[in-house]
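Okay, structure first, notes after.
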Amino acid sequence: MAFFQSPPELGNTYDDDPLLQSFLARELPAEVLTEIQPELREMGELSGGELYRLKLADRLEEPVFTPFDPWGNRIDHIALTPLWERAKRLAAEKGLVATAYERRHGRFSRLHQLALVHLFEPSSDVYSCPLAMTDGAARTLLSSGNAALVVHAVPRLTSRDPAHMWTSGQWMTERTGGSDVGLSETVAKRDGDVWRLHGTKWFTSAASSEMTLTLARPEGNGPGGAGLALFYLETRDAAGRPNALTVNRLKDKLGTRKLPTGEIDLQGTLALPVAGLDGGVRAITPLLNVTRLWNSVAAVAGMRRAAMLARSYAARRVAFGGPLSGKPLHEETLRDVEAVTAGAFLLTFRVAALLGKSEANEIGEDEALLLRVLTPLAKLLTARQAVAVASEVLESFGGAGYVEDTGLPVLLRDAQVLPIWEGTTNVLSLDLLRALSGKDL
């Protein structure tokens with residue numbers, strides 16, 4: 001009888017993650033852990049079950065961009081895939097942004113939130129990207145002191161109602177470059193009591209989001225980053241039409257293919273200053289700090305998922321007279337992967353714990369500096385580790401790791417974005433040196 005290899009399987013990814021369980025048992029008060037554990041177990045069941053099956057079934061689906069309706073009206077509609085539609089609803093209902101702002105558990109709310117994200121992310125095909133920017137936008141608006149925007153937007157960004165919740169983009173990258181935002185060509189022009197933006201944003205992740213934060217140079221301001229201001233804009237007007245902006249196309253990317261990333265022209269787009277008419281780079285810093293932490297969590301979550309799949313396969317794959325799990329060299333490889341993953345997890349969730357203390361105003365001066373230093377360090381380190389771990393795990397599957405319909409190659413393709421988003425390794429290294437020298441933005 002012909003042999004057919006059984007694929008790797010997942011169980012409840014919370015129950016099967018002793019590192020996450022031991023960390024939370026050590027860091028959280030017993031009563032907090034007891035309260036949140038059912039949520040974590042439910043998310044683990046979804047992530048290893050329904051969502052994982054949908055992810056495999058959704059493998060070939062990508063967002064569909066429709067620029068015009070049948071009658072020639074510009075609509076710039078982006079239809080998400082079935083997995084992302086499901087992930088969008090779950091993210092709201094399970095409070096993947098809201099948990100950090102409801103603050104039911106004070107400084108431990110961040111750990112609660114990011115533990116949920118850690119479980120959710122690997123089966124969502126990078127839906128963590130719009131959630132990260134949504135979280136960052138909420139934190140930035142709250143830090144801005146702009147009471148009107150806080151009242152208007154933050155309840156949407158932190159809602160648990162899928163029909164009410166908004167996600168946010170973060171539109172900084174232009175043709176002139178990504179990290180050197182001082183070269184921005186987007187101009188803000190005053191139009192009576194409002195401002196209108198003119199320019200092109202070359203790389204706008206989550207182009208389907210309802211709002212975004214972006215940088216632009218008010219007319220008359222000087223060159224460089226000092227002349228930029230932070231603006232808030234909604235992507236559609238009250239009638240649902242595009243807000244004087246045009247999506248030129250969606251990017252054809254190596255990975256993160258479920259994520260609609262667009263090139264967008266701003267053609268007099270109505271916008272509101274967030275925090276004055278200069279200092280935009282400093283004003284958007286809270287967003288970057290939050291999204292860099294989410295980047296680290298996504299990296300760790302991807303590594304953990306890769307290790308789980310490799311472990312399952314090693315127990316099922318027989319070679320040279322026994323399962324791979326019984327081969328010392330293969331076992332050493334898997335243990336190396338798990339050791340790297342454990343170190344990355346502990347570093348990332350140390351940063352998460354510090355952020356929780358900072359948001360609760362329970363952080364001392366030394367810990368505040370540690371948070372400032374560890375945020376870029378964790379992002380740059382875990383991102384590169386995620387790529388290496390994904391590559392190692394694909395190799396552990398042999399030829400199956402190179403075949404698309406196993407659902408395995410996406411582990412590597414999606415990991416490769418992590419060192420690029422929210423600052424490359426060299427840029428973050430300079431940011432780390434700036435933090436150590438005390439010469440912040």
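Along the sequence shown, residues are numbered consecutively beginning with 1.
Side-chain contact between Leu250 and Thr261 is absent, with no heavy-atom pair separated by less than 4.5 Å. In this structure the side chain of Leu334 never reaches within 4.5 angstrom of the side chain of Leu324, judged on heavy atoms. Counting only heavy atoms from C-beta outward, the side chains of Asp135 and Gln113 approach each other to under 4.5 Å. Here the side chains of Arg139 and Leu287 are not in contact, with every heavy-atom distance at 4.5 Å or above. In this structure, the side chains of Tyr313 and Leu309 stay at 4.5 Å or more apart for every pair of heavy atoms. With contacts defined as side-chain heavy-atom distances shorter than 4.5 Å, the pair Trp171/Leu197 does not qualify. Contact annotation: the side chain of Glu359 never approaches that of Arg107 to less than 4.5 Å [non-hydrogen atoms, C-beta and beyond]. Here the side chains of Leu90 and Leu46 are in contact, with some heavy-atom distance below 4.5 Å.
Between Asp431 and Arg372, at least one side-chain N (NZ, or NE/NH1/NH2) sits under 4.0 Å from a carboxylate O, which counts as a salt bridge.
In this structure, Arg335 places its CZ atom where only 12 or fewer heavy-atom neighbours from other residues, nucleotides or ligands lie under 6.0 Å away. Residue-environment remark: CZ (Phe3) exceeds the threshold of 12 foreign heavy atoms within 6.0 Å. More than 12 heavy atoms of other shown residues, nucleotides or ligands fall within 6.0 angstrom of atom CZ in Arg59. Counting heavy-atom neighbours within 6.0 Å of His77 NE2, excluding the residue itself, gives a total of 12 or less. Environment of CD in Glu31: crowded, with over 12 heavy atoms of neighbouring residues, nucleotides or ligands closer than 6.0 Å. The environment of CG in Asp69 is crowded: more than 12 heavy-atom neighbours from other residues, nucleotides or ligands sit within 6.0 Å. The environment of CD in Glu395 is sparse: at most 12 heavy-atom neighbours from other residues, nucleotides or ligands sit within 6.0 Å.
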Item to check | side chain to side chain contact (heavy atoms under 4.5 Å, CB included) assessment of Leu157 paired with Met211 | outcome: CA-CA 9 Å; Leu157 299 172; Met211 59 147 288; 3.7 Å; yes

Checklist entry - Under the side chain to side chain contact (heavy atoms under 4.5 Å, CB included) criterion, do Val32 and His112 qualify, and how do the steps go? => result CA-CA 9 Å; Val32 173; His112 178 192; 6.0 Å; no

Checklist entry - Please walk me through it: do Phe345 and Met303 pass side chain to side chain contact (heavy atoms under 4.5 Å, CB included)? => result CA-CA 9 Å; Phe345 173 91; Met303 286 188 267; over 6 Å; no

Next on the checklist: What verdict does the side chain to side chain contact (heavy atoms under 4.5 Å, CB included) test give for Leu83 and Glu61, after you've listed the backbone C-alpha separation in whole Å, the side-chain angles of each residue and the deciding distance to 0.1 Å?
Outcome noted: CA-CA 9 Å; Leu83 173 62; Glu61 298 294 329; over 6 Å; no

Next on the checklist: The test is salt bridge (Lys or Arg N to Asp or Glu O under 4.0 Å); show your working for Glu42 and Lys94 and say whether it passes.
Outcome noted: CA-CA 10 Å; Glu42 181 183 12; Lys94 305 303 181 186; 2.8 Å; yes

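In terms of heavy atoms, Ala307 sits closest to Val393 at N-CG2, 4.4 Å. Residues Ala344 and Thr382 approach most closely at CB-CG2, 3.8 Å, considering heavy atoms. The heavy-atom pair separating Leu24 from Ala115 by the smallest distance is CD1-CB, 4.1 Å. Of all the heavy atoms in Thr140 and Ala283, the pair that sits closest is CG2-O, 3.3 Å. When all heavy atoms are compared, the tightest approach of Thr204 to Ile264 is OG1-CD1, 3.4 Å. Of all non-hydrogen atoms in Ala386 and Leu418, the two that sit nearest each other are CB-CD1, 3.9 Å.
Here the straight-line distance linking atom CG of Leu347 with atom CG of Leu377 works out to 6.0 Å at 0.5 Å rounding. The structure places OG1 of Thr212 at 7.0 Å from CE of Met133, a figure rounded to the nearest 0.5 Å. From Ile36, atom CD1 reaches atom OG1 of Thr99 across 9.0 Å, with rounding to the nearest 0.5 Å. In this structure, Thr235 OG1 and Arg241 CZ are separated by 13.5 Å, a value rounded to the nearest 0.5 Å. In this structure, the separation between CG on Leu213 and CZ on Phe231 is 11.5 Å, given to the nearest 0.5 Å. Put simply, CZ on Arg86 and OG on Ser123 are 12.5 Å apart, with the number rounded to the nearest 0.5 Å.
Judged by distance alone, the side chain of Thr406 and the main-chain N or O of Val403 form a donor-acceptor pair under 3.5 Å. In this structure a side-chain-to-backbone donor-acceptor pair under 3.5 Å is present from Asp414 to Thr256. A donor-acceptor contact shorter than 3.5 Å is absent between the side chain of Ser296 and the backbone of Thr348. Within the 3.5 Å criterion, the main-chain N or O of Met308 finds no donor-acceptor partner in the side chain of Ser312. Checked by atom type and distance alone, the side chain of Lys258 pairs as donor or acceptor with a backbone atom of Asp58 at under 3.5 Å. Without hydrogens or angle criteria, Glu331 side chain to Gly326 main chain gives no donor-acceptor distance under 3.5 Å. When atom types are taken as modelled, the side chain of Arg156 and the backbone of His164 share a donor-acceptor pair closer than 3.5 angstrom. In this structure a side-chain-to-backbone donor-acceptor pair under 3.5 Å is present from Thr285 to Arg282. When atom types are taken as modelled, the side chain of Thr134 and the backbone of Ser168 share a donor-acceptor pair closer than 3.5 angstrom. Of the possible donor and acceptor atoms, one in the side chain of Lys253 sits under 3.5 Å from a partner among the backbone N and O of Leu259.
Residues Ser184 and Glu174 bring a donor and an acceptor atom of their side chains to less than 3.5 Å of each other. Side-chain contact annotation: Thr13 with Arg304, donor-acceptor N/O pair under 3.5 Å absent. At a cut-off of 3.5 Å, with distance as the only test, no side-chain donor of Arg316 or Gln5 sits close to an acceptor on the other residue.
Exactly one of Arg41, Gln37, Glu45 qualifies for a side chain to side chain donor-acceptor pair (under 3.5 Å) with Tyr14. That residue is Gln37. A side chain to side chain donor-acceptor pair (under 3.5 Å) with Arg257 holds for exactly one of Asp252, Thr81, Asp125; it is Asp252.
With Trp421 as the aromatic partner, Lys379 does not meet the cation-pi criteria of under 6.0 angstrom to the ring centre and within 45 degrees of the ring axis.
Ring geometry for His152 versus Trp166: interplanar angle over 60°, hence perpendicular rather than tilted (30 to 60°). Relative ring orientation between Tyr127 and Trp84 is described as perpendicular, the plane-to-plane angle rising above 60° on a 0-90° scale split at 30° and 60°.
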